[in-house]
Every structure is written in structure tokens, then in C-alpha cells.
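Comments concern the structure below.
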Amino acid sequence: MSRKKSVTVRVPAKVNVQLAVGAARPDGFHDLANVFLAVSLYDEVTVTAAETLTVTCAGPDADQVPLDRTNLAARAAEILAARNGRSDAVHIHIAKNIPVAGGMAGGSADGAGALLACDALWGLDTPRAQLLEICAELGSDVPFSLVGGAALGTGRGEFLTPVEAGTFHWVFAVADGGLSTPAVFREFDRLAEGRSIPAPEASPALLAALASGDPASLAATLANDLQPAALSLRPQLAATLEAGTSAGALATLVSGSGPTTAFLVRDEESALKVAAALEASGTCRTTRTASGPAPGATVLGATVLGA
Ligand code: C5P
């Protein structure tokens with residue numbers, strides 16, 4: 001019997017506790033001051049040697065995940081293989097728990113996960129700096145998915161500096177259907193027309209609140225410049241945010257480019273209460289509870305099949 005090795009990597013979702021957006025750059029991207037917090041909602045990416053590059057996905061929203069080479073997990077395998085002059089023939093299976101196209105970096109997580117998993121499967125031991133370079137090539141949020149924890153992202157979000165963070169509890173309300181990140185940035189540009197946009201800067205008050213671990217201080221400083229654009233494209237989200245406030249959330253926020261909404265709560269018990277109230281409100285499809293900071297992409301283990 002032939003022996004097939006496979007490697008599984010677990011990768012977290014993120015919420016942006018501050019997302020300050022600058023004016024559009026000549027390359028179409030926007031400079032950001034992006035304070036990322038990884039949260040304990042995970043996808044698991046398993047790679048196994050195969051005849052050709054294939055992707056499968058399982059989970060509640062699996063039908064919305066592209067299974068061709070546009071999937072960031074497939075692109076990660078392609079790029080890593082090309083850089084090492086080797087075949088990219090690998091089967092990638094994604095056990096998906098992060099909302100799809102939801103503003104929680106689910107696609108980026110799968111890219112970072114597949115990269116780390118292929119690196120281990122192929123025994124490449126690529127230096128961390130090179131892995132981060134490939135992540136940045138894959139997408140602006142992918143380096144953070146690899147690193148996890150809490151970090152300030154500058155440039156288009158790919159240059160990361162770790163920041164200190166206490167533990168915070170969250171509820172996430174998953175909306176029906178995704179939002180396209182480029183469309184939300186375009187709407188940001190449309191809403192900003194005729195206004196001068198300041199250079200994005202991390203808020204010292206927010207960084208202090210994050211480090212303190214005090215949820216009330218963080219609640220007072222959360223900020224997402226993409227929120228008006230996401231609400232403009234999806235006005236129904238206002239009702240979800242209101243339902244979370246009525247249920248006792250300390251603060252409400254659109255997660256990244258949305259449409260997932262994030263609710264900061266005092267503790268785990270409060271998270272369960274707010275999640276139940278949000279589900280009962282009928283203003284979202286489902287909810288998830290999580291805490292952060294969570295670790296970045298982590299190899300869970302390697303198994304040998306058919307041994
Ligand atoms: O980097 P990524 O491929 O994830 O970005 C998707 C799209 O989001 C970009 O094509 C761009 O339209 C928008 N974007 C942006 N500024 C950023 C990050 C993303 O305008 N800093």
C-alpha cells in the first residue's frame with residue numbers, strides 16, 4: 001500500500017479593532033492603519049500529496065468557496081512550488097468555519113494555512129521572512145493570518161508590528177451573502193469624494209485600551225472607516241448593530257469590509273446572551289462567539305495515511 005503524508009494547519013479569523021483608511025493610492029490600494037486581532041474561530045487546511053492540484057471544502061458555507069485556482073489556498077501552493085522549482089500537485093482540503101466573504105479574512109486564512117501546510121509537507125523549511133513575502137503577494141490580510149495575535153498593519157496592511165493585547169470576548173453576527181472587499185473600498189472612495197482624507201494613523205487610546213484588557217476602554221475606542229461604506233451597500237446591517245446594542249453589547253462594529261458584524265462583550269457569559277438575542281432578533285443568519293487574541297497559523301500535526 002502506498003503511504004501518503006498529510007499535514008493539517010489551523011488558522012484564525014480576524015476582526016479589525018481599528019481600521020483607519022487613507023486616500024486611494026496610484027496602484028488602487030489604500031494605505032491603512034489596521035489594528036488586527038485574531039479570534040478563536042478557525043479554518044483547518046489539510047494538504048496531501050496528489051496527482052494534480054485540487055481543492056475541496058466542507059462546512060456550513062462550503063458551497064460559496066471557489067474550488068479552482070482563484071482560491072488563495074491553491075495560489076499559495078502554486079507560488080511556493082514555483083519558487084522552489086517543484087510540482088504543486090497537492091490535494092487541499094479546507095474545513096471551513098470562518099464566514100465566507102464576511103470581512104473576517106477567511107480566504108486569507110486559507111492562503112496562509114495552505115502555505116504553511118505545503119511548506120511542512122514538502123519539507124522546505126522556508127524562512128519566516130520569505131513566507132511573509134509570499135503571504136503579502138497573496139493578499140493584504142494574509143501576512144496577519146500567518147502571524148495571528150494582535151498587530152498593527154501599515155502599508156496596505158501587510159507590514160506588521162505586534163501589539164500588546166489582553167483577552168477580549170466577541171459575538172459575530174453572520175449576514176446572508178458576502179460583500180466584495182474591492183466594492184466596499186470603491187464605495188469608501190465614492191463617499192470620500194471632495195473630502196481631504198488624512199493619512200491613517202493608529203489611535204494611541206485604542207492601543208492602550210487593547211493592552212489594558214479592559215473591555216469598556218476598548219469599546220470606547222473601536223473604529224472602522226469602512227463601516228459607512230459597508231452600511232451604504234448593505235443598509236440592513238444597521239438593524240443587526242442595533243439588535244446587538246439592545247442585547248447589551250459594549251460596542252458594535254462592522255468587521256473589516258463586512259458584512260459580518262462584531263459585538264464586543266464583557267465576558268463569555270455575556271457573549272452567549274448577546275448571541276441568543278441576536279439570533280432571536282431575526283436580523284442575521286447565525287452567530288459565532290469567540291475570544292482573542294488567538295494564535296496565528298499553527299501546524300496541528302502530520303499523519304501518514306495507508307501505512
Ligand atoms: O489585498 P487584497 O487582494 O486582499 O485586496 C482586495 C482588494 O481590496 C484590492 O484589490 C483593493 O480593491 C482593496 N484593498 C484596498 N486597500 C487595501 C487592501 C485592499 O483598496 N489596503
Does any part of the side chain of [Y], heavy atoms only, come nearer than 4.5 Å to the side chain of [X], both counted from C-beta?
X: Thr261; Y: Thr252; value: no
X: Val142; Y: Leu115; value: no
X: Trp170; Y: Val15; value: yes
X: Glu133; Y: Arg83; value: yes
X: Met104; Y: Val39; value: yes
X: Phe168; Y: Val17; value: no
X: Val55; Y: Val65; value: no

Evaluation steps, side-chain contact (heavy atoms from CB on, under 4.5 Å), between Glu164 and Leu210
CA-CA 7 Å; Glu164 204 185 321; Leu210 198 58; over 6 Å; no
Is [Y] reachable from [X] through a run of I, L, V, M, F, W or Y residues, each pair having side-chain heavy atoms under 4.5 Å apart?
X: Leu72; Y: Leu116; answer: yes
X: Leu222; Y: Leu241; answer: no
X: Leu218; Y: Leu152; answer: yes
X: Leu250; Y: Phe172; answer: no
X: Leu231; Y: Phe185; answer: no

To the nearest 0.5 Å, how far apart are [atom1] in [X] and [atom2] in [Y]?
X: Leu179; Y: Ser255; atom1: CG; atom2: OG; result: 11.5 Å
X: Asn16; Y: Leu32; atom1: CG; atom2: CG; result: 8.5 Å
X: Asp43; Y: Ile98; atom1: CG; atom2: CD1; result: 3.5 Å
X: Asp63; Y: Cys57; atom1: CG; atom2: SG; result: 9.0 Å
X: Arg128; Y: Leu146; atom1: CZ; atom2: CG; result: 4.0 Å
X: Thr283; Y: Gln236; atom1: OG1; atom2: CD; result: 10.5 Å

Identify the two heavy atoms, one from [X] and one from [Y], that lie closest to each other, and give their separation to 0.1 Å.
X: Thr240; Y: Cys284; answer: CG2-CB, 4.1 Å
X: Asp88; Y: Ala81; answer: CB-CB, 3.5 Å
X: Leu226; Y: Asn224; answer: N-OD1, 2.8 Å
X: Leu53; Y: Ala77; answer: CD1-CB, 4.2 Å
X: Val265; Y: Ser270; answer: CB-OG, 3.5 Å
X: Leu41; Y: Pro99; answer: CD1-CD, 4.3 Å

With salt bridge (charged side-chain N to carboxylate O under 4.0 Å, His left out) as the rule and sequence neighbours excluded, what pairs involving [range] come up?
range: residues 98-116; result: Lys96-Asp110
range: residues 14-35; result: Lys14-Asp141, Arg25-Asp27, Arg25-Asp31
range: residues 149-163; result: Arg156-Glu158

For [X], all residues meeting side chain to side chain contact (heavy atoms under 4.5 Å, CB included), sequence neighbours excluded:
X: Thr126; result: Leu80, Asp119, Leu124, Gln130, Leu131
X: Thr161; result: none
X: Ala117; result: Val7, Val9, Val47
X: Asp61; result: Gln64, Val100, Arg285

Do Thr181 and Ser257 meet the criterion of a side-chain donor-acceptor pair at a distance under 3.5 Å?
yes
Strictly by modelled atom types, are Thr8 and Glu44 linked by a side-chain donor-acceptor pair under 3.5 Å?
no
Side chain to side chain donor-acceptor pair (under 3.5 Å) between His91 and Thr54, intermediate numbers included:
CA-CA 5 Å; His91 173 65; Thr54 50; 2.8 Å; yes
Which residue pairs pass the side chain to side chain donor-acceptor pair (under 3.5 Å) test with at least one member in residues 182-211, sequence neighbours excluded?
His30-Asp189, Glu187-Arg190, Glu187-Ser232
Phe159 and Thr154: side-chain contact (heavy atoms from CB on, under 4.5 Å), yes or no, with the steps?
CA-CA 5 Å; Phe159 301 121; Thr154 54; 3.6 Å; yes
Taking only residues two or more places apart in sequence, or in another chain, which ones meet Phe36 in a ring pair (Phe, Tyr, Trp, His ring centres under 6.0 Å)?
Phe144
Please lay out, stage by stage, how Val21 and Phe188 fare under the test side-chain contact (heavy atoms from CB on, under 4.5 Å).
CA-CA 9 Å; Val21 182; Phe188 172 88; 3.6 Å; yes
Partners passing side-chain hydrogen bond (donor to acceptor under 3.5 Å, both in side chains) against His93 (at least two apart in sequence or in another chain)
Thr56
Going by the rule salt bridge (Lys or Arg N to Asp or Glu O under 4.0 Å), which residues pair with Arg86 if we only count those two or more places apart in sequence or in a different chain?
none
Test of understanding: with salt bridge (Lys or Arg N to Asp or Glu O under 4.0 Å), list the residues that count as partners of Glu242, not counting sequence neighbours.
none
Identify the residue among Thr287, Val171, Leu253 that makes a side-chain contact (heavy atoms from CB on, under 4.5 Å) with Phe263.
Val171
Glu268 CD: over 12 foreign heavy atoms closer than 6.0 Å
no
Donor-acceptor pair, distance only, cut-off 3.5 Å: does the side chain of Arg69 make one with the backbone of Glu78?
no
